[in-house]
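Lettering follows sequence order; numbering is per chain, from 1. Just so it is clear, the structure is predicted and the values come from calculations on it, not from any experiment. The analysis underlying the following values was restricted to heavy atoms, covering all of them including side chains, and did not include hydrogens, waters or symmetry mates.
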2 protein chains.
Amino acid sequence: MGRPRQTRQKAAVLAAVRSASRHPDARWVYEKVSQEIPNISLGTVYRVLASLSAEGLIREYSQAGGPSLYDPNVEDHIHIRCRVCGRISDVPPVTLSDELLEEVRRASAFAKVEQARLEFDGVCAPCAAKDHP
Amino acid sequence: MGRPRQTRQKAAVLAAVRSASRHPDARWVYEKVSQEIPNISLGTVYRVLASLSAEGLIREYSQAGGPSLYDPNVEDHIHIRCRVCGRISDVPPVTLSDELLEEVRRASAFAKVEQARLEFDGVCAPCAAKDHP
DNA sequence: TTCCATGCAAACGGTTTGCAATTCT
DNA sequence: AGAATTGCAAACCGTTTGCATGGAA
């Protein structure tokens, strides 16, 4: 490996991720970028997404049982997912209390405990409105 | 679909999941059960695991970027994973404060917020001992 | 001129599924 | 008998990779 190079494909992929109104997956990015670079390949989209992640320009958010989503917001944050429509929104980070972490440490008998992967489910406002019209 | 039937395969798969010292994946269960039922197929293992989950006898825990793990502990609990060896342990459930949930609701503009997928990383005692011998 | 990035297609790992044969109840 | 379950193999889906070509520096 050497230093990353600037290419048309990379710029287009980054722009696509940034332009999305929902966190997009690789296929969505591929289809979006294809409008501008019709012969780009899915493989390239995956490689570019990985290198953008490595450079810290986007974040990969891999979900169990579905394609990874890509997030142009690289600040520390957590996610909330709508149970009804599946949409994922960003939420500012939440810090758990030291007492709670200590409780977990005792219960698990682990030597060290770090908060990770805190995620919420919920129902977004539009879906709630649909359910109670 | 009708009512579930009791079969040799199902009993063996359930026993295998219960006998594991770490949360096993489908392949591990397959290899374990193969000792007893040599011609069982991986497909059957998957189908049996799914039906045991549906019957509430085990829990499927699907992780991003790896095979699903199966947990004989069906009580409500969360997981802590050792950063070093990957082992996953169970921890009693942790309840987040109402204030924190309300904070998330405000920040996300969601109509309803439910706690989900709280998971910890850490270093288990054996791994910590290895690092500081 | 160097060597990273690309397009293509094949391979991959985990999981699911269509089918005919089997086995519970 | 009748329906659920099995074994087998092929299909599936998201993702990665080998290779020859193209393009940024």
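Closest to the side chain of B/Thr7, from the set C/dC8, D/dT5, D/dG7, is D/dT5. The side chain of B/Pro4 lies closest to D/dT5, out of C/dC8, D/dA25, D/dT5. Considering only side-chain atoms of B/Gln9, the nucleotide from D/dG7, C/dT15, C/dG7 that sits closest is D/dG7. Which of C/dT15, C/dT6, D/dT15 sits closest to the side chain of B/Leu42 comes down to C/dT15. Proximity note for A/Thr44 (side chain, C-beta onward) versus C/dT6, C/dT15, D/dG7: the nearest is C/dT6.
One interatomic measurement links the two molecules: CZ of B/Arg27 to P of C/dT15, which rounds to 10 Å at whole-angstrom precision. A/Tyr30 places its OH atom 16 Å from the P atom of D/dC13, with the value rounded to the nearest Å. C/dT6 atom P lies 11 Å from atom CG of A/Leu49, rounded to whole Å. When the C1' atom of D/dA4 is taken as reference, atom CZ of B/Arg5 falls 4 Å away, rounded to whole Å. The separation between A/Arg3 atom CZ and C/dT2 atom P is 17 Å, rounded to whole Å. As rounded to whole Å, 7 Å separates atom P of D/dT15 from atom CG of A/Asp25. Nucleotide D/dG22 holds its P atom 22 Å from the CD atom of A/Gln6, rounded to whole Å. In this structure, A/Lys10 atom NZ and C/dT6 atom P are separated by 8 Å, rounded to whole Å.
Here the shortest heavy-atom pairing between A/Gln63 and B/Ala64 reads C-CB, 4.0 Å. When all heavy atoms of A/Asp71 and A/His77 are compared, the closest pair comes out as OD2-NE2, 2.9 Å. What you find for B/Ala26 and B/Leu42 is that their closest heavy atoms are O-CD2, 4.3 Å. Between A/Tyr70 and A/Ile58 the shortest heavy-atom distance is CD2-CD1, 4.0 Å.
B/Ser68 comes within contact range of the sugar-phosphate backbone alone, with a heavy-atom separation under 4.0 Å but no base atom that close. Residue A/Asn39 is in sugar-phosphate contact alone, with no base atom involved, counting any heavy-atom pair closer than 4.0 Å across all strands shown.
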Under the ring pair (Phe, Tyr, Trp, His ring centres under 6.0 Å) criterion, do B/His79 and B/Tyr61 qualify, and how do the steps go?
CA-CA 10 Å; B/His79 289 129; B/Tyr61 169 64; 4.3 Å; yes
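Contact annotation: B/Tyr46 side-chain N/O to C/dT15 OP1/OP2 distance is under 4.0 Å.
Residue-to-nucleotide contacts include no donor-acceptor pair under 3.5 Å from the side chain of B/Arg8 to the base of D/dG7. Scanning atom types as modelled, no donor and acceptor separated by under 3.5 angstrom connect the side chain of A/Arg47 and the base of C/dA5.
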